[in-house]
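Just so we're clear, the structure is a prediction, and the values are computed from it rather than from any experiment. The first residue of the sequence shown is numbered 1, and numbering continues consecutively from there.
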Amino acid sequence: MIALLRLIALAIFAVFTFVFGCGYCLLSPRNPKHVYTFGRLFARMSRVFGIKLEIRVPESAKSSEPSLYIANHQNNWDLFTVSGAIQPRTVTVGKKSLAWMPLFGQLYWITGNILIDRNNRSKAVGTIAQVAENIKKRNVSVWMFPEGTRSRGRGLLPFKTGAFHAAIAADVPVTPIVCSNTQGNIKLNRWNNGHVIVEILPPISSEGYEKDNVRELANLCREQMITKLDALNKEVAERNQA
């Protein structure tokens, strides 16, 4: 019964958000402010699913300067958890096929996010240059998932280097974002799904890194994220048992 009620609430939310959201965005299509607005809106739905969501933003991450945000990508629950950490004037990068998803795809595009063709390597490389160009000219931050796919309980997967090439090209820091484990911890038919913590880590400078040593920057970020993920998972487990 709980699962059914939640699915009904989700359906109502989806129709209202996607239909009226697209209409609202038509007033200023592809304006990066929309991504922040809808990211916060989706995160509020976490309460409907019995999730106690906590977003942690350190003072060092509260900057008006552009950054390249990277986050761990676990499953579809990211839409209602990690989305709460999106900062103002930030757009995300997603696969081109998202545009064909009914309602969501249209909202994703019109809010100003960037779509790339992952099946075409030459186009993907060109998109990295486009990402860097957007950061410089539009003064926006960009959010990417360096794992390239959902981890689904397999821990933090190896990072692809595209996000880090873009950060170096745009001369902006990389800011890691870590969400505690949600795979298997959230059940539609369970009233209380416990705590989920999303924490933004201090920015990591891309200065001094080039194409030849971009993997070092990726590994540095990944190591910090693994350490933080372990700490958050431990904290969540203790709080859920209290």
Side-chain angles (χ1 to χ4, degrees), residues 35 39-40 42-47 49-63 67-87 90 92-95 141-167 172-188 190 192-206 209 214-242:
V35 181
R40 287 296 194 271
F42 273 83
R44 290 182 181 178
M45 279 294 290
S46 62
R47 303 173 186 174
F49 297 111
I51 300 170
K52 299 180 179 67
L53 181 63
E54 180 181 348
I55 307 295
R56 297 176 178 174
V57 184
E59 288 299 324
S60 58
K62 295 178 181 178
S63 172
S67 183
L68 197 298
Y69 292 99
I70 58 171
N72 56 323
H73 194 16
Q74 300 183 65
N75 45 51
N76 291 337
W77 292 114
D78 292 346
L79 192 61
F80 308 106
T81 56
V82 183
S83 61
I86 293 178
Q87 298 300 294
T90 299
T92 70
V93 175
K95 54 186 179 181
S141 294
V142 173
W143 174 304
M144 301 180 72
F145 292 111
E147 294 166 281
T149 187
R150 299 174 180 86
S151 59
R152 300 192 185 282
R154 293 173 290 171
L156 198 63
L157 301 179
F159 282 0
K160 300 181 184 300
T161 58
F164 307 95
H165 279 294
V172 296
V174 179
T175 303
I177 300 174
V178 181
C179 177
S180 62
N181 183 46
T182 58
Q183 185 68 29
N185 292 347
I186 302 175
K187 306 291 185 181
L188 270 177
R190 184 169 57 198
N192 182 6
N193 279 305
H195 295 268
V196 172
I197 303 174
V198 180
E199 183 168 340
I200 301 180
L201 278 58
I204 299 173
S205 175
S206 62
Y209 291 97
V214 66
R215 176 56 63 181
E216 294 179 15
L217 176 60
N219 290 340
L220 173 63
C221 294
R222 186 171 182 272
E223 289 170 5
Q224 291 193 15
M225 291 176 70
I226 288 176
T227 300
K228 177 55 65 174
L229 180 59
D230 290 340
L232 291 182
N233 286 339
K234 181 178 179 181
E235 181 181 348
V236 165
E238 292 174 350
R239 293 175 66 174
N240 286 342
Q241 291 177 357

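Scored by the ring-ring contact (aromatic ring centres under 6.0 Å, His included) test, His73 finds Phe145 as partners (sequence neighbours excluded). Residues passing the side chain to side chain donor-acceptor pair (under 3.5 Å) test with Thr175 are Ser67, sequence neighbours excluded. The side chain to side chain donor-acceptor pair (under 3.5 Å) check on Asn75 picks up Thr182, Gln183, with sequence neighbours excluded. Checked against salt bridge (charged side-chain N to carboxylate O under 4.0 Å, His left out), Glu238 has no partners two or more places apart in sequence or in another chain. In this structure Ser141 satisfies the side chain to side chain donor-acceptor pair (under 3.5 Å) test with no other residue, sequence neighbours excluded. Taking the ring-ring contact (aromatic ring centres under 6.0 Å, His included) definition, one finds that Tyr209 meets it with nothing, sequence neighbours left out. With sequence neighbours excluded, the residues satisfying salt bridge (charged side-chain N to carboxylate O under 4.0 Å, His left out) with Glu199 are Arg56, Lys228. For Arg190, there are no salt bridge (charged side-chain N to carboxylate O under 4.0 Å, His left out) partners at least two apart in sequence or on another chain. Under the side chain to side chain donor-acceptor pair (under 3.5 Å) criterion, Lys52 pairs with Asn192, sequence neighbours left out. When the side chain to side chain contact (heavy atoms under 4.5 Å, CB included) test is applied to Ala166, the partners found at least two apart in sequence or on another chain are Leu68, Ile128, Val131.
Between the side chain of Asn233 and the main chain of Ser180, no donor-acceptor pair closer than 3.5 Å is present. The closest donor-acceptor contact from the side chain of Arg40 to the backbone of Ile86 lies under 3.5 Å. Listed for the Thr81 side chain is a donor-acceptor partner under 3.5 Å among the backbone atoms of Trp77.
Residue Cys179 comes nearest to Gln74 through the heavy atom pair O-NE2, 3.3 Å, listed as atom of the first residue, atom of the second, then distance. Among all heavy-atom pairs drawn from Gly194 and Asn240, the shortest one is CA-OD1, 3.4 Å. Of all non-hydrogen atoms in Phe42 and Phe80, the two that sit nearest each other are O-CD2, 3.4 Å. The two residues Ser83 and Ala43 come nearest to each other via the heavy atoms OG-N, 3.6 Å. Minimum interatomic distance between Pro176 and Pro202 (heavy atoms only, all atoms of both residues): CD-O, 3.7 Å. Here the closest heavy-atom approach between residue Leu232 and residue Val178 is recorded as CD1-O, 3.7 Å.
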Show the atom names and distances, to 0.1 Å, of all donor-acceptor pairs under 3.5 Å that link a side chain in residues 217-226 to residues at least two apart or in another chain.
from	atom 1	to	atom 2	distance (Å)
Asn219	ND2	Arg215	O	3.4
Arg222	NE	Leu157	O	3.1
Arg222	NH2	Leu156	O	2.4

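Between Ser151 and Asn72, every side-chain heavy-atom pair lies at or beyond the 4.5 Å cut-off. When side chains are defined from C-beta on, Val172 does not count as touching Ser206, because their heavy atoms never get closer than 4.5 Å.
The CZ atom of Phe164 sits 4.0 Å away from the CD1 atom of Ile70 when rounded to the nearest 0.5 Å.
Taking the six-membered ring for Trp and thresholds of 30 and 60 degrees, Trp143 and Tyr69 have ring planes inclined between 30 and 60 degrees apart.
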| said: Evaluate Thr90 against Val35 for side chain to side chain contact (heavy atoms under 4.5 Å, CB included), listing each step before the verdict. | reply: CA-CA 7 Å; Thr90 299; Val35 181; 5.6 Å; no

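Residues in residues 146-157 take part in no salt bridge (charged side-chain N to carboxylate O under 4.0 Å, His left out) pair, two or more places apart or across chains.
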